[in-house]
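Below is one structure, written out as structure tokens; the observations come after it.
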Amino acid sequence: MRRGFFVPTVAALGFAFLYLPIISLVIFSFNSNRLVTVWAGFSTQSYVNMVQDPQLLPAAWLSIQIAAVSASLATVLGTLCAVALVRFRRFWGRTLLSGMATAPLVMPDVIIGLSLLLLFVTMESMFGWPAGRGMLTIIIAHTTFCMAYVTVVVQSRLSDFDLSLEEAAMDLGATPLRVFFDITLPIIAPALVSGWLLSFTLSLDDLVIASFVAGPGSSTLPMVIFSKIRLGVSPEVNALAAIMIGIVALGVLVAAIMQMRRRPA
Amino acid sequence: MQKSLLLAASLTLLATTSALGQGVVNVYNWSDYIDEEMLTLFTEETGIQINYDVFDSNEIVEAKLLAGNSGYDVVVPSGFFLSRQIEAGLFQPLDKSKLPNIGNMDPAIMEATAVHDPGNEYALDYMWGTTGLGYNVQALQERLGEDANLNTWDLLFDVDTVSKLADCGVTILDAPNEAFAAALNYLGLDPNSESEEDLAAAEELLTSIRPYVRYYGSSQYIDDLGNGEICLAHGYSGDIFIALYAAEEAGADFEIGYSIPEEGAVKWFDMFAIPADAPNPDNAHTFINFMLRADVAAANVNYVYYASGNLAAQEMIDPEVLEDPSIYPTPEVDAKTFVLVARSPEFSELMTRAWTRIKTGQ
Amino acid sequence: MSMADLQGQADQAPRMTLYQRITRRFGKTAVILVPMSWLAIFFLVPFAVVFGISLAIKKFGRPPYTELLSFTDESSVQLTLHLSNYLQLITDTLYVNAYLSSVSIAATATIIALLIGYPMAYFIARSSDRWRNILLMLVILPFWTSFLLRVYALSSFMRGTGVINNFLGMFGIEPLVMMQTNFAVYVGIVYTYLPFMVLPIYTNLVKLDGALLEASADLGARPWRTFISVTLPLSLPGILAGSMLVFIPAIGEFVIPSLLGGPDTLMIGRILWDEFFTNTNWPRASAVAIVMLVVIVLPLTLMQRARDAVVDGDNR
């Protein structure tokens, strides 16, 4: 089909727009000058600085821990929620659960962050828990909003699911629990993995909510990067960005290769 | 199985976060405000771990303190915020018996800070400085002439002058207290005035120069000035010096200068204080006492280019810092500086609303 | 099969243990109750708290807002509700303008994203199978990298001493001021949310029946005409989905206007942050949040429910 000139050009410009800033980030991480926009020679000094920076790597490690725990909790809770919404047609509070589960998707981060901070402050004055803000409060906050994404992902997979498989198993005498773990779970496993990965990424990337509910010594990576960026350009951040982009690119490449291998000849 | 693992994991997290109460001190200080080697030295000497967080505006510290249980043991707010925070009961009195190095403090500074903290009961000065103008010497001379007076607030507040500088970038601190004080002082009014007419006049002045201001920020200007991205910044003395040395180091083809303008400038004090609900008050005292040591205070001054309230430290401060009149002002210049005091809550409301009006045009 | 056979089958079903009987009975409840309790505590209750605080006023102390319930003496309780925050939201032009400005900035950015994203999606949908997957991966890849770092990349691109201006400087062109402007915010929003625009449109276009397009061509329509009369209307669901995915989050954005916008780039996310952190006015920040919820989120949730109901009705 004759496609003409217009579409490919705009598409190419679009891809260029997406990638040029990222590529320039990576290139200038190897700049020997502190300025990140004038090339002055090749050097890996900013990588050394990044590793030695007292804030960056501890914050990265903290963020990874928080993301892993939040993603796991969110996957469990989100799956339960999806199962409840898809399998159980009518129960008391169904609309409420459905609303609560998907509202975080459209809610601005500032509102989620503000409301959770106020909740924690009020709870602390009434019950004494949670004492101060820190890693725990960030995990609770992240789990809550990541859960919404997992629910949506698993819900769509579950609705496509062929119920007759489950019914057959139950006819053969298996309990619902057994059916879930032996039949349902393996089939929706890809959705669980996507949900986990999505939650992990969102948690790792969250700035606003963490800023509201973090405490001393629990500065997450986005918080550290944000304060560095506000001070101006920072080659260590470039170095960190290059490494993160590299890891992600590698991961996507591996996933792509695995998928192509699985495709039947 | 997965769930019980997670439960165990979360309980462990809970346990660790509370166990960290031993041998830790949580410090909340301005960004770029300490020689980090001093932090390592502190841990080496005392074995206490430091959690060091930074901020760039007094308002954020206040927000965290008001939220309660901020988790911090030592905070470093500025004097005029400190006074109303003391009144609100946010801090605990210092136990002077745990602070033997208090003898190092400059009595003149102690007297000055007593304005904010009567009897010096709750806080001790860490650094003090002025808020003036930082500028790119070459860029300004290009636009205003070789023998232009670079020592006046006209650079910022005189519409004819600042309009010539707009293209190379002018910034103002995002701190209503500072901006209004400078404006009121320029108009010949009392910088600590609580009169609504005075506020309106200051607001008019700031609005008149608004079209020429690139942005309002309290931390970005340091890097931008040193990079040549902006040419005039309303900023803190030590920050401008950081920009000055950064430009020198990068071999830039321009110089940065700082001036305490002849019409007068704000003199502020940043003070150590211990929140009332600090988890480790003893370690907090140990930390403050360490920072009051002459050699530690001197090392910090040599690193951040601000003046210290520590008299004993002066022997160990770099002569070029000690003798720089922009850092340690001469008595004549010092006489022109003024200290800000806390305003009443109603006036603060009016001031912050006026500030938003100036920034956003709403 | 006779009744006797069926009866025999039922007899042969394994007997349930006590554990199984309990889980069968309470399993359903547990599955519903666990996520519901979590959401009720950490999602619903916070909004009740926010609403409550929005009816207080700022006080300098810990916590920085007045109490709603207070004991006047041993036997009386006083409930004080301040409506001043909401009144201020209506009377003070700052807030109304901030809401309107947020919507307008978000809408403009969404349209730009559409104009760039649609051709991209079209190009990918019309590509060969092998290329399609690679291109899709290229679109999604930026999303997996930190969004903060991508905004930072943009800022180093657009600064006065940034890459673009250095490039223009080589031709002797004066540096353009791109940072701290509304323009930078548009670029930032489009840059961040472009994958969300491309993917729904792509999904829609790829399912398009090629036969329809062929039929249109057979009837003598030029490619442009086919596009306007056939492709565009059929891809409307994708366009709507993509636009919603960009427009809604963009309204409440904080980071992008904060790093790239100017002091006069009014966006409601920033106003909320400022009210909370800079003015320490928690009650007013709470009121801003409640109004934002009512004006933006509630209609959306209702729309979502309506759509779900339609889908459910179809599936039944």
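So that the names make sense, note that chain A is the first sequence line, chain B the second, and so on, each numbered from 1. As a basis for the values below, the full set of heavy atoms in this structure was taken, side chains included, without hydrogen atoms, waters or symmetry mates.
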As an exercise: rank [options] by heavy-atom pairs under 4.5 Å with chain A and give me the winner.
| options | value |
| --- | --- |
| C:I116, C:V50, C:L148 | C:L148 |
| C:I140, C:V49, C:L138 | C:L138 |
| C:F276, C:W282, C:W38, C:F51 | C:W38 |
| C:L115, C:V151, C:V139, C:V198 | C:V139 |

With side chain to side chain contact (heavy atoms under 4.5 Å, CB included) as the criterion, how do A:D206 and A:D109 come out once you've worked through the C-alpha distance, each side chain's angles and the decisive distance to 0.1 Å?
CA-CA 9 Å; A:D206 164 67; A:D109 284 352; 4.2 Å; yes
Minimum-distance pair of heavy atoms, taken over all atoms of C:L260 and C:G188
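That closest heavy-atom pairing would be CD1-CA, 3.8 Å.
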Any idea which of [options] has the most non-hydrogen atom pairs under 4.5 angstrom with chain C?
| options | value |
| --- | --- |
| A:I245, A:T9, A:L18 | A:L18 |
| A:L253, A:L198, A:L13, A:T79 | A:L198 |
| A:V110, A:L85, A:L221 | A:V110 |
| A:L197, A:L202, A:D171 | A:L197 |
| A:T122, A:L114, A:V10 | A:L114 |
| A:V208, A:D205, A:V237 | A:D205 |

Can we call the ring centroids of C:Y118 and C:F227 under 6.0 Å apart?
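So the answer is yes for these two rings.
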Do C:Y193 and C:F247 have ring centroids that are under 6.0 Å from one another?
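Aromatic pair excluded; centres sit 6.0 Å or further apart.
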At a 4.5 Å cut-off on heavy atoms, which part of [X] comes close to chain A: side chain, backbone, both, or neither?
| X | result |
| --- | --- |
| C:Y191 | both |
| C:I32 | both |
| C:S286 | both |

Should C:V45 and A:M123 be marked as a side chain to side chain contact (heavy atoms under 4.5 Å, CB included) after you check the CA-CA gap, both sets of side-chain angles, and the distance that decides it?
CA-CA 11 Å; C:V45 173; A:M123 277 171 91; over 6 Å; no
Between atom CD of A:E236 and atom CG of A:L56, what is the distance when rounded to the nearest 0.5 Å?
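Here the rounded value is 7.0 Å.
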Quick one: CZ on C:R159 to CG on C:N165, what's the gap to the nearest 0.5 Å?
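Output value for this atom pair is 10.5 Å.
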Residue [X] versus chain C: region with a heavy atom under 4.5 Å:
| X | answer |
| --- | --- |
| A:L25 | side chain |
| A:A101 | both |
| A:F145 | neither |
| A:I140 | both |

Could you walk me through whether C:L39 and C:L44 pass the side chain to side chain contact (heavy atoms under 4.5 Å, CB included) test, one step at a time?
CA-CA 7 Å; C:L39 284 173; C:L44 222 52; over 6 Å; no
Using the six-membered ring wherever Trp is involved, compare the ring planes of C:F42 and A:F120 and label them parallel, tilted or perpendicular (cut-offs 30° and 60°).
tilted
Where does the angle between the aromatic ring planes of C:W273 and C:F277 fall among parallel (under 30°), tilted (30 to 60°) and perpendicular (over 60°)?
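Tilted: the ring planes of C:W273 and C:F277 meet at 30° to 60°.
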Could you walk me through whether C:S155 and C:L259 pass the side chain to side chain contact (heavy atoms under 4.5 Å, CB included) test, one step at a time?
CA-CA 8 Å; C:S155 78; C:L259 287 175; over 6 Å; no
